[in-house]
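Have a look at the structure below before the remarks.
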Amino acid sequence: MSLLGQSSVNHNFTHADATSRAREPERVYLSVPHMSGLEQAYVSDAFATNWLSSVGPNLDGFESEMAARLGHDVRTLAVASGTAALHLVLRALDVGPGDRVAVSTLTFAGSVWPILYLGATPVFLDSESRSGNLDPALVEDYLARAARDGTLPKALVVVHLYGQHADVDPIADACRRHGVALVEDAAESLGATYRGRQTGTTAEYAILSFNGNKIITTTGGGMVVTRDAVAMARMRKWANQSREPAVEYVHREVGYNYRMSNVLAGIGRGQLRVLDQRVQRRREVHQIYRNAFADVAELQWMPEPQGMRSTRWLTCLVLQGEGAVQRRDHVLRSLERHSIEARPVWKPMHLQPLFEGAPYFAHAEGDDVAARLFEAGVCLPSGSNLSDEQLDRVVDHLRRALQRAEVLGAAAV
Ligand SMILES: *Cc1c(COP(=O)(O)O)cnc(C)c1O
């Protein structure tokens, strides 16, 4: 039945339609850009001075301000995306065809693409059951076994899942003993700390992301962070079309056009100034959910171990008990019906069609922690620009969805 047809037979329709549309609630998103107003001045400056390309004061400023913020004498390189940043790092580590690179299975695909770009093979590692992060004991087992079999990876990428830092010191220790380079994927954890150290400085190499859904954004962008001056010089050259320092265009190696623009770096400088506020608000959002559902015992939340401070980039809950998978689906559908964007936890890489048959190292045969977290996990709207009213709405609908799911779950058993 077409709208046109109906309105022609029922003159009340137009009015009723307008009313119902007016009542349709504003969509609540998972995580969207949150500008501060400080960005505009840097962007305007780029226009006023005509630094509108991939060099300029905003780029220098963004890189040095981020380095100062992270401390530990790190060097930084602003690039087009977090994925590009990881590509540069893995190449600097001489990853190539025939090599293996180990990586958390519970992550976004951006942690993995660069392994494929370089012709290497990813080896996926299962999660620790409480945080979903890499389990130091599992990493130790994996590396010991790989050393025996002669299949050690060249590098290991540790992802700080949803902004919660992985327990990186014992992982770094195991990597050092086996001569494996360690890379932090800190795309979701900028602003987090681990034993008093800033995320991105707890391993020799790290990458950040400023994609639109991250803690701070440049609309799209990323950064390499390292103390390794030699590697940094190589990465800077590759990212800039591998131009040799000569007036004429001289190239000795393959390059990429990975530089960030000076305009976008300006957005980054404004965003960096409010990073602490952004993290603070995401942590508040997390606490609001935790308080609201403190009475619901069968929900598992990501813990924040002592000595670690999470960004709470996304707040995720994992349903427990019988029928958790069906209840999870019900919760996602109910929230969507009320225009609330919630998502499953990352679909683990070893379950992706693309990676069928790829090596996967789990705790034990048949005990797939990452798969369990994926099947029963829900990521809730977590942006720093959510209002208290929007959060009330999410809490209200989530509570009702959980209650109904409970009934459905009980009926299904
Ligand atoms: C977002 C993200 C990336 C990729 O960053 P882009 O800037 O989108 O390329 C990599 N790893 C993780 C864990 C991410 O969340």
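A salt bridge does not link Glu26 to Arg393: none of the charged side-chain nitrogens sits closer than 4.0 Å to a carboxylate oxygen. Salt bridge Arg27/Glu336: present, at least one basic N to carboxylate O contact under 4.0 Å. Salt bridge present: Arg69 and Asp276 bring a charged side-chain N and a carboxylate O closer than 4.0 Å. A salt bridge links Arg177 with Asp173: the closest approach of a Lys/Arg side-chain nitrogen to an acidic carboxylate oxygen falls below 4.0 angstrom. Ionic pairing of Glu304 and Arg283 is present here: one or more N-O contacts between side-chain nitrogen and carboxylate oxygen are shorter than 4.0 angstrom. Between Arg130 and Glu128 no salt bridge is recorded (no basic side-chain N to carboxylate O distance below 4.0 Å).
In terms of heavy-atom proximity, Arg281 sits nearest to Leu386 at NH2-O, 2.9 Å. Counting all heavy atoms, side chain and backbone alike, Ser310 lies closest to Gln164 at CB-OE1, 3.3 Å. Closest approach of Ala46 and Asn58 over heavy atoms only: CB-ND2, 3.9 Å. For the pair Asn262 and Gly56, the tightest heavy-atom approach, listed with the atom from each and the gap, is OD1-C, 3.1 Å. Heavy atoms only, all atoms of each residue included: Leu182 and Cys175 are closest at CD1-SG, 4.1 Å. Closest approach of Pro381 to Ile340, counting heavy atoms only: CG-CG2, 3.7 Å.
Between the CD atom of Glu188 and the OG1 atom of Thr199 there is a distance of 10.5 Å, given to the nearest 0.5 Å. For the atom pair CG of Leu402 and CD of Glu298, the computed distance is 8.5 Å after rounding to the nearest 0.5 Å. Remark: Gln306 CD to Arg195 CZ distance equals 10.5 Å, nearest 0.5 Å. Distance check: Leu319 CG to Leu299 CG gives 6.0 Å after rounding to the nearest 0.5 Å.
Pro136 has its side chain within reach of Ile171: a pair of non-hydrogen atoms, C-beta onward, lies under 4.5 Å apart. For the pair Asp329 and Pro344, the minimum side-chain heavy-atom distance is 4.5 Å or more. When side chains are defined from C-beta on, Thr311 does not count as touching His160, because their heavy atoms never get closer than 4.5 Å. At least one side-chain heavy atom of His363 sits less than 4.5 Å from a side-chain heavy atom of Asp135. Side-chain contact check for Leu52 versus Phe47: some heavy-atom pair is nearer than 4.5 Å. Side-chain contact between Ile267 and Leu264: present, with at least one pair of heavy atoms (C-beta onward) separated by less than 4.5 Å. Proximity of His251 to Arg243: side-chain heavy atoms (C-beta onward) are separated by under 4.5 Å at one or more points. Under the 4.5 Å side-chain criterion, counting only non-hydrogen atoms from C-beta, Gln352 is not in contact with Val112.
Phe355 and Trp113 have tilted rings, their planes meeting at an angle from 30° to 60° on a 0 to 90° scale. Aromatic ring orientation, Phe108 versus Trp346: tilted (interplanar angle from 30° to 60°). Relative ring orientation between Trp313 and Tyr162 is described as parallel, the plane-to-plane angle staying below 30° on a 0-90° scale split at 30° and 60°.
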Exercise. Could you walk me through whether Asp295 and Arg399 pass the salt bridge (charged side-chain N to carboxylate O under 4.0 Å, His left out) check?
Worked result: CA-CA 11 Å; Asp295 59 324; Arg399 182 168 286 279; 3.1 Å; yes

For this session: Check step by step if salt bridge (charged side-chain N to carboxylate O under 4.0 Å, His left out) holds for Asp396 and Arg400.
Result: CA-CA 6 Å; Asp396 185 43; Arg400 284 193 249 169; 2.7 Å; yes

Exercise. Can you list the steps and then say if Arg259 with Glu63 is a salt bridge (charged side-chain N to carboxylate O under 4.0 Å, His left out)?
Worked result: CA-CA 12 Å; Arg259 289 291 283 166; Glu63 288 178 347; 3.4 Å; yes

For this session: For Asp45 and Arg269, run salt bridge (charged side-chain N to carboxylate O under 4.0 Å, His left out): C-alpha distance rounded to whole Å, both residues' side-chain angles, the deciding distance at 0.1 Å, then the answer.
Result: CA-CA 12 Å; Asp45 196 56; Arg269 292 180 85 181; over 6 Å; no

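Counting heavy atoms of neighbouring residues, nucleotides and ligands inside a 6.0 Å radius, atom CZ of Arg290 exceeds 12 of them. When the shell of 6.0 Å around CD of Glu253 is examined, it contains more than 12 heavy atoms from other residues, nucleotides or ligands. Remark: Glu284 CD is packed, more than 12 non-hydrogen atoms of other residues, nucleotides or ligands lying under 6.0 Å away. Crowding of Arg197 atom CZ: a count of heavy atoms from other residues, nucleotides or ligands under 6.0 Å exceeding 12. The local environment of CH2 in Trp238 is crowded, with over 12 non-hydrogen atoms from other residues, nucleotides or ligands closer than 6.0 Å.
In terms of modelled atom types and a separation under 3.5 Å, the side chain of Gln277 and the main chain of Val274 share no donor-acceptor contact. Between the side chain of Asn133 and the main chain of Leu161, a donor-acceptor pair closer than 3.5 Å is present. Without hydrogens or angle criteria, Gln241 side chain to Gly255 main chain gives no donor-acceptor distance under 3.5 Å. The closest donor-acceptor contact from the side chain of Asp126 to the backbone of Val369 lies under 3.5 Å. A donor-acceptor pair under 3.5 Å links the side-chain atoms of Gln300 to the main chain of Ser129, judged by distance alone.
Here Lys347 pairs with nothing under the salt bridge (charged side-chain N to carboxylate O under 4.0 Å, His left out) rule; sequence neighbours left out. Residues forming a ring-ring contact (aromatic ring centres under 6.0 Å, His included) with Tyr289 (at least two apart in sequence, or on another chain): none.
Counting only residues at least two apart or in different chains, side-chain hydrogen bond (donor to acceptor under 3.5 Å, both in side chains) contacts with residues 87-99 comprise His87-Tyr256, His87-Tyr258, Arg91-Tyr256, Asp99-Lys154.
For His165 and Tyr194, the gap between ring centers is short of 6.0 Å.
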